[in-house]
Amino acid sequence: MTETDTPGHLLTNREIADIFDAVADMLQLKGEIIHRVMAYRRAAESIRQYPRDLRAVAAEDKLTDIEGIGETLAEKIREMLDTGHLEFYDKLREEIPQGLVEILRINGVGPKRAMQFYKELGIATVAELEAAARADKLSQLSGMGAKSQQKIIEGIESLARRSTRVRLDIALTAAERILNALLELPQALYGHIGGSIRRGRATIGDIDLLIASREAMPIMEAFVARPDVTRVLGSGPTKSSVELLNGQQCDLRVLPPERYGTALNYFTGSQAHNIRLRDLAKDRGYTLNEWAFTSLTDGSEITCETEEQVYQQLGLPYIPPELREDRGEIEAGYAGKLPHLIDIGDIRSDLHMHTEWSDGKLTVRQMAEAARAHGLSYIVISDHSQSLGVANGLSVERLWAQREEIRRVDAEMGPNFRVFQGVEMEIRTDGTLDYPDEVLADLDVVIASLHSGLRQPREQVTARLLNAIRNPHVDMIGHPRGQLIPNREPADLDMDAVFAAAKETGTVLEINANPQRLDLDDAHAQRAVQLGVLLSIDTDAHSAGEFDVLRYGIMTARRGWVEAQNVINTWPIERFVNWMKS
DNA sequence: GCCGTTTTCGGCCCGACTGTTTTCAGTCG
């Protein structure tokens, strides 16, 4: 729960979103109409993805410009920004036992059941619910039975091991493993990973898999019998849900190929995007579901084998999965203004990587060869600077020694592959840079990064970053916000100021492709593009295998509506060399 | 509570699965 009890505590976007979500939970328990509940949830999600400080937006009196925020919620946001509290929320908390909100997290228990247990048995905590279930007190309630009671016990047991959101790379690897195994079955024709993995979100809740087949049962049976499944949550002829060993939920749907397009579209989401599409279908006289478009007048069906056909039916161009968040992609589609999203094939170089000179595993030569094997045509070696002792950062002397090796490897690799010397320079906690200007002036590329003092107050940490951006020798900021997924929150930076300074000085901001970072994130990358700030997508590789993380950086960029023209490492070598010189 | 080339009021996506039911409510995504 959020720290709203401290008078004058400055609430962050995230805390405000959490409060709206908590309000939604409590309203739902109270039996409030679902649409009012959903309005709070939509607002929470919208705020969570919003790339600007609500405080700044409120100062401009633009809160209602945010999707899902009307006059009422804008007023509530202002109240929270001004006072650190929301009276409405505090009142609800007095009214609704907080244990009931926790009970909602149990799989299979919703607001109706939770309130039934509370009213009829006085149950107000998960522990009390578990005790009642084990004492066989739930099964006599109306609408309940022995099976429902047992499911609640299992649901409580899985609460502890149930993961919160999982990192994209971990979920993607697990999803590929399961899907590929199922596609080996003779009944399986083809399949996709859907859901938030396909949309490239940085963290993943459930794994969603879709397979085309005319004979679903053998696939369903194989799915629920997998050794990595701990619990079957449900299994029917077209849909099964299981809990995996790591606590993640995995859903599988199997549909015939002629309906695969609507099914994949439905199963990719996002939910908000789907709702919009179904609304649009209605305007055109159809209902849309995972099976087909169905005419509202005569009940006739239009089936779609591909997603392209689904969008075509709605008069839209194909919308790539990464854009399907109802963040303007539908309006852009109708206006013919969808971005031409960057693709992994557009990337010609990697500007951020480490070698054994600091904390990397390989030599300069080995990294160059690995990069070339990954289809790149130039790279920047950017080892750590001197004050990052834990990473064996380079003294000025070692920096010049490394230069000789880099120049030698550059020559050895031939004219079609270039190796440049950069550095990932510490922005020290006192705000100074880690090398004097004359050293920086001699390097091909200078990346400045924050690794320490990330919890400093906003003004202090922002000033450090701005100082680096304004240094004429600093070319790029590495992983600007310093987040580590899923554990470390980003630094409390004034990103409006960071973008303005980057724009003014031409400093590039990185999208670090490491799945633990994905920093800038999607929303901030989009903001950067809107403001005309240049980006770079880099792997930060410390070994050959880590060049593969580029795909996550590309997914993040695509979610941020980034085009190749916004990203400097799509540039041909000549343009890049000119940029380094300027 | 939001939102508007049919609306400032009256809508708000749609279906699968489960367990309890005599036809459906609750939950989930």
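Convention: sequence-line order gives letters A, B, ...; per-chain numbering from 1. Values in this document were obtained by computation on a predicted structure and should not be read as measured data.
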Q: Using the side-chain contact (heavy atoms from CB on, under 4.5 Å) rule, take A:E87 and A:K91 through it: C-alpha gap first, then chi angles, then the decisive distance, then the call.
A: CA-CA 6 Å; A:E87 199 173 329; A:K91 284 242 169 71; 3.3 Å; yes
Q. Step by step, would you call A:I34 with A:Q28 a side-chain contact (heavy atoms from CB on, under 4.5 Å)?
A. CA-CA 7 Å; A:I34 192 65; A:Q28 203 167 6; 3.8 Å; yes
Q: Determine, step by step, whether A:R78 and A:E75 satisfy the salt bridge (charged side-chain N to carboxylate O under 4.0 Å, His left out) criterion, reporting the C-alpha distance in whole Å, the side-chain angles of both residues, the deciding distance to 0.1 Å, and the verdict.
A: CA-CA 5 Å; A:R78 281 192 290 269; A:E75 182 51 42; 3.1 Å; yes
Q: Might you work through the salt bridge (charged side-chain N to carboxylate O under 4.0 Å, His left out) test for A:R458 and A:D53, ending with a clear yes or no?
A: CA-CA 12 Å; A:R458 160 175 291 225; A:D53 236 350; 2.5 Å; yes
**Q.** salt bridge (charged side-chain N to carboxylate O under 4.0 Å, His left out) between A:D522 and A:R558, intermediate numbers included
**A.** CA-CA 8 Å; A:D522 47 7; A:R558 288 169 64 90; over 6 Å; no
Q.
I'd like to know whether A:R165 forms a side chain to side chain donor-acceptor pair (under 3.5 Å) with A:T203, so could you lay out the CA-CA distance, the side-chain angles of the two residues, the decisive distance to 0.1 Å, and finally the verdict.
A. CA-CA 6 Å; A:R165 297 181 73 85; A:T203 62; 2.8 Å; yes
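In this model, no donor atom of one side chain and acceptor atom of the other lie less than 3.5 Å apart for A:Q98 and A:E102.
The gap from the C1' atom of B:dT23 to that of B:dG19 amounts to 14 Å, rounded to the nearest Å. Spacing of C1' atoms, B:dC14 relative to B:dC9, comes out at 24 Å, to the nearest Å. Between the P atoms of B:dT20 and B:dT27, the separation comes to 14 Å (whole Å). Distance check on atom C1': B:dG29 versus B:dC13 gives 12 Å, rounded to whole Å. Taking the P atoms as reference points, B:dT21 lies 13 Å from B:dA25, given to the whole Å. B:dT7 and B:dA16 are spaced 34 Å apart, taking the P atom of each and rounding to whole Å. Of the C1' atoms belonging to B:dG10 and B:dG15, the separation is 24 Å, rounded to the nearest Å.
The two residues A:D251 and A:S241 make their nearest non-hydrogen contact at OD1-OG, 2.9 Å. Among all heavy-atom pairs drawn from A:N289 and A:R278, the shortest one is CA-NH2, 3.7 Å. In this structure, A:T230 and A:L244 approach most closely via the heavy-atom pair OG1-O, 3.7 Å.
In terms of modelled atom types and a separation under 3.5 Å, the side chain of A:R55 and the main chain of A:L81 share a donor-acceptor contact. Between the A:S196 side chain and the A:R199 main chain, no donor and acceptor come within less than 3.5 Å of each other.
A heavy atom lying under 4.0 Å from DNA chain B marks the following residues of residues 31-47 of chain A, by number: A:I33, A:H35, A:R36, A:A39, A:Y40. Near DNA chain B, meaning a heavy atom under 4.0 Å away, the residues from residues 50-70 of chain A are A:G68, A:I69, A:G70. Listed by residue number, the members of residues 137-156 of chain A with any heavy atom below 4.0 angstrom from DNA chain B are A:G143, A:M144, A:G145, A:A146, A:K147, A:S148, A:K151. A heavy atom lying under 4.0 Å from DNA chain B marks the following residues of residues 256-277 of chain A, by number: A:Y266, A:Q271, A:I275. Using a 4.0 Å cut-off on heavy atoms, the residues of residues 108-132 of chain A that approach DNA chain B are A:G108, A:V109, A:G110, A:P111, A:K112, A:R113, listed by number.
For residues 56-65 of chain A, every residue pair satisfying the side chain to side chain donor-acceptor pair (under 3.5 Å) rule, not counting sequence neighbours, is listed here: A:R52-A:E60. For residues 32-58 of chain A, the set of pairs meeting the ring pair (Phe, Tyr, Trp, His ring centres under 6.0 Å) definition, not counting sequence neighbours, comprises A:F20-A:Y40. Pairs passing the ring pair (Phe, Tyr, Trp, His ring centres under 6.0 Å) check and including a residue from residues 170-193 of chain A, sequence neighbours excluded, read A:Y190-A:Y260, A:H192-A:Y260. Applying the ring pair (Phe, Tyr, Trp, His ring centres under 6.0 Å) test to residues at least two apart or on different chains, none of the pairs has a partner in residues 109-146 of chain A. Pairs engaging residues 220-249 of chain A under the ring pair (Phe, Tyr, Trp, His ring centres under 6.0 Å) rule: none recorded [sequence neighbours left out].
Within 4.0 Å (heavy atoms only), A:S235 reaches sugar-phosphate atoms of the nucleic acid but no base atom. A:L255 comes within contact range of no nucleotide atom at all, as no heavy-atom separation falls under 4.0 Å.
Searching all strands for a Watson-Crick or G-U wobble partner of B:dG19 with both distances below 3.5 Å returns B:dC24.
Both A:T72 and A:E290 lie near DNA chain B, and the one whose nearest nucleotide falls closer to the 5' end is A:T72. The 5' end of DNA chain B is approached more closely, in terms of each residue's nearest nucleotide, by A:F88 than by the other of A:S240 and A:F88.
Counting only heavy atoms from C-beta outward, the side chains of A:Q187 and A:M217 never approach each other to under 4.5 Å.
Taking a heavy-atom distance under 4.0 Å as the criterion, the stretch of DNA chain B touched by chain A extends 5' to 3' from B:dG1 to B:dG29.
Every side-chain hydrogen bond (donor to acceptor under 3.5 Å, both in side chains) that A:S300 has, sequence neighbours left out, goes to A:D298.
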